[in-house]
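Presented below is the structure to which this report refers.
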2 protein chains.
Amino acid sequence: MEDGEPKRTRRDATTRARRALLIETAIACFVEQGIARTGMRDIAKKAGVSVGNLYNHFPGRDDLIAEIARIETADLADVVTQVARCADAHDAIDSFVESYFLYCADPISAVLTVEITSEALRNPAIDALFSGSRALLVDTLATLITGCGWRETQAPAQAALILDTIEGSALRVGLTGEKPGKRDTKALISFVRRALALEGN
Amino acid sequence: MEDGEPKRTRRDATTRARRALLIETAIACFVEQGIARTGMRDIAKKAGVSVGNLYNHFPGRDDLIAEIARIETADLADVVTQVARCADAHDAIDSFVESYFLYCADPISAVLTVEITSEALRNPAIDALFSGSRALLVDTLATLITGCGWRETQAPAQAALILDTIEGSALRVGLTGEKPGKRDTKALISFVRRALALEGN
DNA sequence: CGCCGGTGAACGTTCGTTCGTTCATTTAAA
DNA sequence: TTTAAATGAACGAACGAACGTTCACCGGCG
């Protein structure tokens, strides 16, 4: 999408590494202090870099935030597409629920979700990213639901409600800072099965 | 909890009114711009009041935010306790789901929820308020569920999942800025009924 | 008069961002 | 191969604006 010439010089390699370090450090700061309470100096200091250099790698603060949002949604898309291919429709739904739940319930993801959602309310670019992710999730899950006998006209609405359950549950678990337990996951899967009237497996 | 003597003077009445205006204005600012992007000057200017006067009514910015969080949780407690008294257990659950959903899906509530949740991550006082609210919700709903034949040991977990569904769904609807439609409410109630295996009514 | 709600300038701090500069690496000419 | 020019990563002081908060000072009720 960007370089026509990858430029395999040593300089370019260290630059990429530095940029990755800065993003990772920014995420750590955002999770620890919150986006609003994190300044450019905080990120630079934690990364062991000057403020000026930080601006050599990112045009501005908002661009840095947007980049992180972009990475997060890309990670999510990976999780979704990997789950999509599964033989039995029932198993596929279970797998989807579990994967998406575990992804969202990760404390880092959970905190970032809240922080970035707050950001998305006033940033159209980030909001668009989230809408795209949501649409992908609904489509994927709705297809699986349709494969279980639900009518195509109702599947998207049911998929949306299931996603609401997963996300709400994941936030509740993830924001406590603890890793999600197997008990949480099992209860969630059973709950969704019943809601879809699939309990007979 | 505070005054032993209500002080019914005219002066005191205007002071209370002014304080209420300031809180209302602060909420409006927080919803429009976000808590992080709202300064004390913004609130004062919008309320047609000086910054100094704002500090006559509230010790500081954090106290103002905490006060709003306190009001929000008190409103929620009202909604919950009013629903608690209902003859039939099945009807009571439907009523609970509908009431809590409509409350959370209100755009102002939805935005405030996200904003204050972000705040609660680093503010123990606000976090405690939220935990208390959550406990009340789980207890209330779990009691209703128990009345429908669920075992007491499993009811709280099911209640938690239902609350997750309601809150997740409400956020999704409320953050778009639109009022929740009857279709949303009905689909949600059906979803919960199936998840509780009460579909036969 | 005394009290207190109300004012807005001013304080010190921190914010995002810019700037001139240094210097190692890369590229191209000799 | 040696050398000179070009590049851009890295720096940290400095900028103006905005932040939360304070303060000395009014002016109208009680």
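By convention in this document, chain letters (A, B, ...) are assigned in the order of the sequence lines, proteins followed by strands, and residues within each chain are numbered from 1. All heavy atoms count here, side chains included; hydrogens, waters and symmetry mates do not.
- Spacing between atom CE of B:Met40 and atom P of C:dA9 amounts to 18 Å, rounded to whole angstrom units.
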Would you sort out whether A:Asp63 and A:Glu67 count as a side chain to side chain contact (heavy atoms under 4.5 Å, CB included), showing the intermediate values? CA-CA 6 Å; A:Asp63 304 85; A:Glu67 176 81 12; over 6 Å; no

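- The side chain of B:Asn53 approaches C:dG6 more closely than any other nucleotide in the set D:dA10, C:dG6, C:dT26.
- Computed from coordinates, the A:Lys45 NZ to D:dG12 C1' distance equals 12 Å when rounded to whole Å.
- Nearest heavy atom pair, residue A:Ile43 against residue A:Leu22, reads CG2-O, 4.2 Å.
- Between the CD atom of B:Gln33 and the P atom of D:dC19 there is a distance of 9 Å, rounded to whole Å.
- For A:Ile43 and C:dG16, the CD1 to C1' distance is 11 Å, given to the nearest whole Å.
- Contact check, A:His57 against D:dG8: no side-chain N or O comes under 4.0 Å of OP1 or OP2.
- One can place OH of A:Tyr55 at 6 Å from P of C:dG16, the figure rounded to the nearest angstrom.
- Toward the 5′ end of DNA chain C lies the nearest nucleotide of A:Arg37, the other residue of the pair A:Arg37 and A:Gly52 mapping further downstream.
- Atoms CG (B:Leu22) and C1' (C:dG6) sit 12 Å apart, rounded to a whole Å.
- Between the B:Ser118 side chain and the B:Val114 main chain, no donor and acceptor come within less than 3.5 Å of each other.
- Of the side-chain N and O atoms in B:Arg19, none sit less than 4.0 angstrom from OP1 or OP2 of C:dG5.
- Rounded to whole angstrom, the span from the CZ atom of B:Phe58 across to the C1' atom of C:dG6 amounts to 15 Å.
- When distances run from any side-chain atom of B:Val51 to the nucleotides D:dT7, D:dG12, D:dT21, the shortest one goes to D:dT21.
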Go through the steps for B:Phe58 and B:Ile65 under the test side chain to side chain contact (heavy atoms under 4.5 Å, CB included), then give the verdict. CA-CA 10 Å; B:Phe58 303 95; B:Ile65 295 172; over 6 Å; no

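- Rounded to 10 degrees, the angle separating the terminal helix axes of the helix from C:dC3-D:dG28 to C:dT25-D:dA6, each built from five base pairs, is 10°.
- Close to C:dA24, at under 4.0 Å from its OP1 or OP2, lies no side-chain N or O of A:Arg11.
- A donor-acceptor contact closer than 3.5 angstrom is absent between the side chains of B:Arg151 and B:Gln158.
- Rounded to an integer number of Å, the gap from B:Arg16 CZ to C:dG5 P is 12 Å.
- Looking at A:Asn56, its side chain comes within 3.5 Å of the base of D:dA10 through a donor and an acceptor atom.
- Note: B:His90 NE2 to B:Arg193 CZ = 9.0 Å, rounded to the nearest 0.5 Å.
- Counting any heavy atom pair closer than 4.0 Å across all strands shown, B:Arg41 reaches a base atom.
- For A:Arg61 against C:dT17, no side-chain N or O and base N or O form a donor-acceptor pair under 3.5 Å.
- For the side-chain contact (heavy atoms from CB on, under 4.5 Å) with B:Lys179, the qualifying choice from B:Asp106, B:Asp184, B:Val173 is B:Asp106, the only one to do so.
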